[in-house]
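Along the sequence shown, the residues carry numbers beginning at 1.
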Amino acid sequence: MKFENILEEINGFGPFQISIIILLFIPRIVLPCHFLLNNFIAGLPPHHCDINKLDDGGLFRNLTWEQRLTVSVPVRGDGNPKSCEMFAEPQFQLLANGSNSADLPTVGCQSGWVFDNSTFTSTLATEWDLVCDRKSLAKTTGTIFFFGVMTGAIAFGYLCDKFGRKSTLLASYIMTIVFGFSSAFANSYILFAVLRFLTGVGLTGMSINSIVLSIEWVDTDHRSFIGVIGSLAWSVGNMLLAGFAFLITDWRPLIMAVTAPLGLAVLTWWWIPESARWLLANGKVEQAQYYLDRCAKFNTKEKLSTKLKLETLNSTEILGEEDKNYTYLDLIKTPKMRQLTLLTGIVWYGVASTYYGISLNISGFGLSIYLTHFIYAAIEVPAKLMIYCFLNIIGRRKCQAGTLLLTGLCIAINIFMPKDLWHMRAAVAILGKGLSEAAFTTIFLYTTELYPTVVRQNGVGYTSFMSRLGVSVAPLILLLEDVWTLLPQIIICSVAIISGLVALLLPETLNVRLPETIDDIEKPRMNDESPDSVEMMSRVKDQNGHQ
């Protein structure tokens, strides 16, 4: 007996499945708000040395602010003041036309910095002077956050398969609320970094649970629909982040604003069902019956008789040993599982590194940071709808490989395109961003279909770890532009192309039932149901007809 047969009997795609998507919408909106939050809270506004304390009461008193700046701070080639240098002594001769400041002695800023607050009222950089020699610390907070997400992927991947999807989802809600709000009140950089790390740990539980819970409750024909429609919450949250950041320009209230919706998510958690697949895989037949009854009732289907239901569930292939504990080691114990683990890890690293390499580099194109972020987020919606159509036409594997290879092509085009064609560069970059999001949407669905139920969360936890490893490295890759401007783009382009080629080695899962046990991976899976399953299904339908 296959679990898909049971879903077919109680309607594997109805109001019950749609309600799960709605209940998980809020936490999935919060995810991008935190994952891309560093674009705004770690923003580095224009700045120059503070000269307010120079020569107080002397000649400065008779000069305008612009004149004081001229005699105190050297200028860059574009005419703006340098950010990290000031003259060793005021150079009053610069007030005369034609004076050259190129060879005048300079020193580092002596009394702090003055920041341009026209875009950001307050950021991590302005709060703790993370500029000049310390400017990398602001971007490092993003890497620290994603190290937390990596840690959470390993922890929650195990806990979800050990204790279930629903209970660990609540734990992730509470962790994110506690540490998210606490980070908004941090009084030192180190404390903030620690709290952001712990926030990342908590967020991972929502990330890996929401997609798996959705997919495990839906029938084979509608998995791609549920996967894509559910992921639209990410795009909505991404667009909302641009709006939140535009309206709230102080980093502390901004963190609180993007964390607050989880309060409502905690209230709606009570209506979220546990995965019946997981319950059966762990020998919890009676609890599985309860949730299957809820599904049948919600989908206006008549419940199966208790006797038949017990017979049906106890004969389900997914049923596992109650005391059997699956761990990450089960991902590499057998040959085909090892191959699957290696390939999915590489693809996830490439997808995440490419997506965030583009998303975290939102300056340029002559647009404001808020508008650029919003456009990058908005392009994800048509990209998701497009990939939904192709997922059911050409399959998961070709979609995964194609989106990654095309993303790499877009990056390569911008490497060689002249800088003065910024309109064309912006269009190609936005197209590449949409394709990278399509790759991300595909890999979430693809992974849940590739791994068996008994280790699905372990598999998703492992691949999420590989993903966050790629994300953690992305901000550091962007810092390499100080070595060579094109180096970050070349690295991201290469990663996208390599991971796209690796995706071609994965098996196709279109219209194939979800694997339940590791044996389903090691032995060839068939699309058609076995004769025993068909016979059992017939018995179920016959008895229902006589109720």
Is the shortest heavy-atom distance from the side chain of [X] to the side chain of [Y] under 4.5 Å?
X    : Y    : result
L37  : F145 : no
I177 : F181 : yes
L195 : L191 : yes
F444 : S231 : no
F35  : W234 : yes
P81  : L69  : yes
Q400 : L404 : yes
L232 : I229 : yes

Counting only N and O atoms by type, is there a donor-acceptor contact under 3.5 Å from the side chain of [X] to the main-chain atoms of [Y]?
X    : Y    : result
T126 : T123 : yes
T141 : A193 : no
T204 : G200 : yes
E85  : S83  : no
Y173 : W269 : no
T448 : L445 : yes
Y328 : Y158 : yes
R425 : I413 : no
R397 : L505 : no

*Should the ring pair F40 and Y370 be called parallel, tilted or perpendicular, given that the plane angle runs from 0 to 90° and is split at 30 and 60?*
parallel

Minimum heavy-atom distance [X]-[Y], with the two atoms named:
X    : Y    : answer
F115 : P45  : CD2-CG, 4.0 Å
L203 : L31  : O-CD2, 3.6 Å
S436 : T407 : N-OG1, 3.3 Å
I226 : S214 : CG2-CB, 3.7 Å
P253 : I248 : CB-CG2, 3.7 Å
M175 : F156 : SD-CZ, 4.2 Å

Just how far is it from atom [atom1] of [X] to atom [atom2] of [Y], taken to the nearest 0.5 Å?
X    : Y    : atom1 : atom2 : result
T140 : F147 : OG1   : CZ    : 10.0 Å
H34  : M206 : NE2   : CE    : 7.0 Å
F197 : F179 : CZ    : CZ    : 10.5 Å
Y446 : L506 : OH    : CG    : 4.5 Å
F440 : S467 : CZ    : OG    : 4.0 Å
T341 : L331 : OG1   : CG    : 4.5 Å

*From CA spacing to verdict: side chain to side chain contact (heavy atoms under 4.5 Å, CB included), S368, F246*: CA-CA 10 Å; S368 75; F246 178 76; over 6 Å; no

*How about C49 and C84: are their SG atoms under 2.5 Å apart?*
no

_Audit row: V71, I51, side chain to side chain contact (heavy atoms under 4.5 Å, CB included) steps and yes/no_ = CA-CA 10 Å; V71 302; I51 59 173; over 6 Å; no

Take atom [atom1] of [X] as the centre, draw a 6.0 Å sphere, and report whether it contains more than 12 heavy atoms from other residues, nucleotides or ligands.
X    : atom1 : value
M424 : CE    : no
I190 : CD1   : no
F390 : CZ    : no

*For K384, salt bridge (charged side-chain N to carboxylate O under 4.0 Å, His left out) partners two or more places apart*: E437

*Which residues pass the salt bridge (charged side-chain N to carboxylate O under 4.0 Å, His left out) test with R28, sequence neighbours left out?*
none

Give every donor-acceptor pair under 3.5 Å between a side-chain atom in residues 471-479 and any protein atom, sequence neighbours left out.
unit_1 : atom_1 : unit_2 : atom_2 : d
S472   : OG     : R468   : O      : 2.7

*Go through the steps to decide whether N414 and Q489 satisfy the test side-chain hydrogen bond (donor to acceptor under 3.5 Å, both in side chains), and finish with yes or no.*
CA-CA 9 Å; N414 265 356; Q489 297 180 64; 5.7 Å; no

_H48 and D116: side chain donor to acceptor below 3.5 Å_ = no

*Could you verify whether a donor N or O on one side chain and an acceptor N or O on the other, from T463 and Y451, lie under 3.5 Å apart?*
no

_Checking L24 against L169 for the side chain to side chain contact (heavy atoms under 4.5 Å, CB included) test, could you report, in this order, the C-alpha distance in whole Å, the side-chain angles of both residues, the deciding distance, and whether it holds?_
CA-CA 10 Å; L24 294 172; L169 183 63; 3.8 Å; yes

*Could you please spell out the steps behind the side chain to side chain contact (heavy atoms under 4.5 Å, CB included) verdict for F192 and I255?*
CA-CA 12 Å; F192 174 79; I255 291 179; 3.8 Å; yes

*May I ask you to check whether F146 and Y356 place their ring centres under 6.0 Å from each other?*
yes

